[in-house]
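Sequence lines set the chain letters: A, B, ... in the order given, protein chains first and strands last, and positions in each chain run from 1.
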Amino acid sequence: MAPATKALYKQVFPVKSDLESAGKVSTEVRRILRSLGVEPEVVRRAGIVCFEGEMNIALYTKGGRIILIVRDDRVELLFSDRGPGIADIDLVKQPGYSTAPDWARELGFGAGMGIPNMEANSDRFAMYSRVGVGTVIRATIFRRCHETCGGNRAPGT
Amino acid sequence: MKLAEVIERLGLEVLVPGDLGRRVRWGFCSDLLSDVLAHAQEGDLWITHQRHLNVVAVAKLKGVAGVVCVRGLHPSQEVLAKARKEGVTVLASAEDAFEVAGKLYGLLSP
Ligand SMILES: Nc1ncnc2c1ncn2[C@@H]1O[C@H](COP(=O)(O)OP(=O)(O)OP(=O)(O)O)[C@@H](O)[C@H]1O
Ligand SMILES: [Mg+2]
């Protein structure tokens, strides 16, 4: 992995275990990224990754937090929650897999596309989970147009 | 075609104007938020039955030209206020999704 450059900006956002305020963090993250002059395409992708991760914490967990780190060459989003954890990571990564309850499906959740969307909009995507403890997701988006961007990243991935 | 012209030709009600000068690329019909995030394109007019707060968030994330609430379903004042704040166009039609999508297709297809 390429050595990470110094963080230009870092913020921690708590996420509650309900849909009441869900969506707020992704709106705020987009606002911050725009104000830092991050490339629009990177803001767009980070917004989608953040929204999906935020909704999953709100819908499926006891709560957690999202950490936004902006660097010269990349934007990182770290999601962590207090459980229940995920037994089979490969399964939840499959498009269409969902355990969303009926009430959430009525609100338009449960396509089973959230985690695939997070992966598709990230350049690097890693999930770690322990059942009964919680889940951690690290999503990295490279700032392609930036001069310090590069390293070991394959183009178009 | 400009959003203002689409609105006129389809007889849509404007709940929140946003940018009516925007070009409408195409339409997208879905009630599944992640499906919209995965497959809708910037500039699409999003036809849906959903009308809660996250619709505004998703519309903003994808940069759709606007949201069309069909079958007479209107979002709450809270949702409209958020749309106003975010500059998201919200439209309404008494017709069902099939009719609205059909007319839009007729209007936009080459
Ligand atoms: N943080 C989490 N902790 C525990 N389980 C999770 C977590 N995130 C996702 N899951 C599980 O993984 C499944 C798939 O998640 P994904 O976001 O891909 O789809 P979804 O949330 O079901 O539907 P969509 O995101 O399309 O509305 C969920 O239904 C849930 O069972
Ligand atoms: Mg999800």
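- Linking Ile, Leu, Val, Met, Phe, Trp and Tyr residues whenever their side-chain heavy atoms come within less than 4.5 Å places B/Val68 and B/Ile7 in a single cluster.
- No continuous path of hydrophobic side-chain contacts links B/Leu32 to A/Phe109 [ILVMFWY only; heavy atoms under 4.5 Å].
- At a threshold of 4.5 Å between side-chain heavy atoms, the hydrophobic network of Ile, Leu, Val, Met, Phe, Trp and Tyr places B/Leu91 and B/Ile47 in one connected group.
- By the rule that hydrophobic residues join a cluster once side-chain heavy atoms approach within less than 4.5 Å of another member, A/Met55 and A/Phe13 end up as members of separate clusters.
- Note: the hydrophobic cluster containing B/Leu61 also contains B/Val88 (ILVMFWY, side chain heavy atoms under 4.5 Å, direct or indirect links).
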Can you pull out the donor-acceptor contacts between chain A and chain B, under 3.5 Å, including backbone atoms?
{"unit_1": "A/Glu52", "atom_1": "OE1", "unit_2": "B/Ser34", "atom_2": "OG", "d": "3.1"}
{"unit_1": "A/Glu52", "atom_1": "OE2", "unit_2": "B/Ser34", "atom_2": "OG", "d": "3.0"}
{"unit_1": "A/Glu106", "atom_1": "O", "unit_2": "B/Gln50", "atom_2": "NE2", "d": "3.2"}
{"unit_1": "A/Leu107", "atom_1": "O", "unit_2": "B/His52", "atom_2": "NE2", "d": "2.7"}
{"unit_1": "A/Gly108", "atom_1": "O", "unit_2": "B/Leu33", "atom_2": "N", "d": "2.9"}
{"unit_1": "A/Asn117", "atom_1": "ND2", "unit_2": "B/Ser34", "atom_2": "O", "d": "2.9"}

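- Among A/Leu107, A/Val43, A/Leu19, the residue making the largest number of heavy-atom pairs under 4.5 Å with chain B is A/Leu107.
- More than 12 heavy atoms of other residues, nucleotides or ligands sit less than 6.0 Å from atom OH of A/Tyr9.
- Chain A forms the most heavy-atom pairs under 4.5 Å with one residue out of B/Leu33, B/Val58, B/Val56, and that residue is B/Leu33.
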